[in-house]
Amino acid sequence: MLDGTIQAPFKYALYALFAMAWCSGMSFFVLKTWFVLDGEFGPMRHPWQFSVLQIHAAAAFAMMLGFGFLLGAHVQYTWKLQRARIPGMVLVTLLSMLMISAYLLYYIVHDDFREILEYLHLALGFFLPVALIAHVWKRKSKHEKREINEC
């Protein structure tokens with residue numbers, strides 16, 4: 001990581017965590033929204049809903065650790081080199097907003113504001129893969145242009 005690039009095993013682990021957090025988050029939303037069961041005393045949650053949320057929280061927690069590493073190593077180094085700054089800033093902002101909204105959902109928000117914050121968190125998380133792909137693609141396209149110019 002001396003040049004700001006992320007080593008392949010760490011990169012693929014982060015991608016796997018992104019995928020696990022995204023899939024579990026979307027699964028939780030689908031189960032909560034469209035798979036409400038009729039119970040003996042009225043509507044009840046799908047039995048997998050809590051387990052999927054636990055997986056989502058575990059993946060998100062691991063992603064926060066990886067995010068901290070990226071801020072200290074990758075972001076700090078590549079900022080000076082002016083590599084993919086705009087997609088990188090979007091990615092850092094999205095991740096930060098996701099962490100803040102998750103904290104608010106879990107610890108602070110009242111029922112009046114909860115549904116709005118849930119949909120905000122969902123929208124941010126839904127578009128996170130787009131930001132990640134844009135950041136990686138922008139970095140790769142700049143790298144390929146540099147290799148072509150050097151030849």
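Computed from a prediction, not measured in an experiment: that's the story for all the values here.
Distance CZ/Phe113 to CG/Leu104: 7.5 Å, rounded to 0.5 Å. We find the CG-CG distance between Leu122 and Leu117 to be 11.0 Å, quoted to the nearest 0.5 Å. Taking CZ of Phe10 as the start and OH of Tyr15 as the end, the distance is 11.0 Å to the nearest 0.5 Å. With rounding to the nearest 0.5 Å, the separation of OG in Ser101 from CG in Leu94 is 10.0 Å. To the nearest 0.5 Å, atom CD1 of residue Ile55 and atom CZ of residue Phe50 are 11.0 Å apart.
Under the 4.5 Å side-chain heavy-atom criterion for Ile, Leu, Val, Met, Phe, Trp and Tyr, Leu120 and Phe127 are members of distinct hydrophobic clusters. In this structure, Phe61 is a member of the same hydrophobic cluster as Ile100, with clusters built from ILVMFWY side-chain heavy atoms closer than 4.5 Å. Linking ILVMFWY residues whenever their side-chain heavy atoms come closer than 4.5 Å, directly or via other members, leaves Leu17 and Leu53 in distinct clusters. The hydrophobic cluster containing Val52 also contains Tyr119, counting ILVMFWY residues as joined when their side-chain heavy atoms lie under 4.5 angstrom apart, directly or transitively. Under the 4.5 Å side-chain heavy-atom criterion for Ile, Leu, Val, Met, Phe, Trp and Tyr, Trp34 and Val36 are members of distinct hydrophobic clusters.
The salt bridge (Lys or Arg N to Asp or Glu O under 4.0 Å) analysis of residues 45-58, with sequence neighbours excluded, yields no pairs.
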Point to revise | Step-by-step side-chain contact (heavy atoms from CB on, under 4.5 Å) determination, Leu132 to Val136 | key: CA-CA 6 Å; Leu132 178 62; Val136 171; 4.2 Å; yes
Review point. Run the side-chain contact (heavy atoms from CB on, under 4.5 Å) check on Met99 and Phe67 step by step: do they pass?
Key: CA-CA 11 Å; Met99 286 184 263; Phe67 181 62; 3.1 Å; yes
Exercise for review: Run the numbers on His121 and Leu98 for side-chain contact (heavy atoms from CB on, under 4.5 Å), then give the verdict.
Suggested key: CA-CA 6 Å; His121 186 76; Leu98 276 165; 3.5 Å; yes
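Listed by chain and residue number, Glu118 satisfy the salt bridge (charged side-chain N to carboxylate O under 4.0 Å, His left out) test with Arg114 (two or more places apart in sequence, or in another chain). Judged as a ring pair (Phe, Tyr, Trp, His ring centres under 6.0 Å), and not counting sequence neighbours, the contacts of Trp48 are His46. Scanning for side-chain contact (heavy atoms from CB on, under 4.5 Å) contacts around Met44 gives Leu37, with sequence neighbours left out. Listed by chain and residue number, Tyr107 satisfy the ring pair (Phe, Tyr, Trp, His ring centres under 6.0 Å) test with Tyr103 (two or more places apart in sequence, or in another chain).
Residues Leu70 and Leu95 fail the side-chain proximity criterion, which asks for heavy atoms closer than 4.5 Å. Inter-residue side-chain proximity for Pro87 and Trp137 is flagged as unmet; no heavy-atom pair is nearer than 4.5 Å.
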Distance-only criterion, 3.5 Å: show the donor-acceptor pairs between side-chain atoms of residues 20-31 and protein atoms not counting sequence neighbours.
from	atom 1	to	atom 2	distance (Å)
Trp22	NE1	Gly125	O	3.2
Trp22	NE1	Phe126	O	3.4
Ser24	OG	Met20	O	2.7
Ser24	OG	Ala21	O	3.1
Ser24	OG	His56	ND1	3.2
Ser27	OG	Cys23	O	2.7

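When all heavy atoms are compared, the tightest approach of Trp79 to Arg85 is O-NH2, 2.6 Å.
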